[in-house]
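Since the model is a prediction, treat every value here as computed from it, not as a measurement.
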Amino acid sequence: KLWKVSRMDMGAYMCIARNGVPPAVSKRIELGIDLSPMIWVPAQLVGAYHGDMVTLTCFVEAHPASLNYWEKDGVMIHANDHYDYSQERGSPAYKVEMKLTIRRAGEAHFGKYTCVAKHPHGQTDGSIT
């Protein structure tokens, strides 16, 4: 029995039964814990010169996996000539690193960006200026 489980308890557990008579029997059990999304923003203010390439980063923790995306001024950002984004699953698997790269940053690109994480257990966001 596990009491007061948290995200740190997620993972694979092995149950092994032995009674002195071979063979021993084992069963692998995967424990997943539903987590409302959480976002951590390492740098909430990022500076850049006109024409620079800038990368914004957010870290998301959620289980099951959340739908993650970027917004600027409340509008979802789509990849184009100026914007590119990526997500990399971390270890443990409920962690994701979101990156938004802004190429050739101009006046129109300066402002407030929001990384958003949604799933059935909740929604959260983080802001970077």
Handout entry: Side-chain donor or acceptor of H82 paired with backbone N/O of R103 under 3.5 Å
Key =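 Yes, H82 side chain to R103 backbone: donor-acceptor pair under 3.5 Å.
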From [X] atom [atom1] to [Y] atom [atom2], the distance as rounded to the nearest 0.5 Å:
X: S26; Y: R18; atom1: OG; atom2: CZ; result: 9.0 Å
X: D125; Y: I39; atom1: CG; atom2: CD1; result: 6.0 Å
X: Y113; Y: T129; atom1: OH; atom2: OG1; result: 10.5 Å

Problem - K72 atom NZ, neighbour heavy-atom count above 12 within 6.0 Å - result: yes
Exercise for the section: Might you confirm whether atom CD of E88 has over 12 heavy atoms from other residues, nucleotides or ligands at distances under 6.0 Å? Expected result: no
Could you tell me which non-hydrogen atom of [X] sits nearest to which non-hydrogen atom of [Y], and how far apart they are?
X: H121; Y: P64; answer: CD2-CD, 4.0 Å
X: S6; Y: I33; answer: O-CD1, 2.9 Å
X: M10; Y: G32; answer: CE-CA, 4.2 Å

Measure the shortest side-chain to side-chain distance between [X] and [Y] over non-hydrogen atoms and say whether it is less than 4.5 angstrom.
X: L56; Y: I102; result: yes
X: L100; Y: C115; result: no
X: T114; Y: W70; result: no

Practice task
Take R89 and Y94, measure what side chain to side chain contact (heavy atoms under 4.5 Å, CB included) needs, and give me the verdict at the end.
Solution key: CA-CA 7 Å; R89 189 147 307 276; Y94 62 83; 5.7 Å; no
Exercise for the section: Measure centre to centre between the rings of H78 and Y85, then say whether the value is under 6.0 Å. Expected result: no
Handout entry: K95 and E97 ion-paired at < 4.0 Å
Key =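 Looking at E97 together with K95, the answer is no, because their closest N to O distance does not fall below 4.0 Å.
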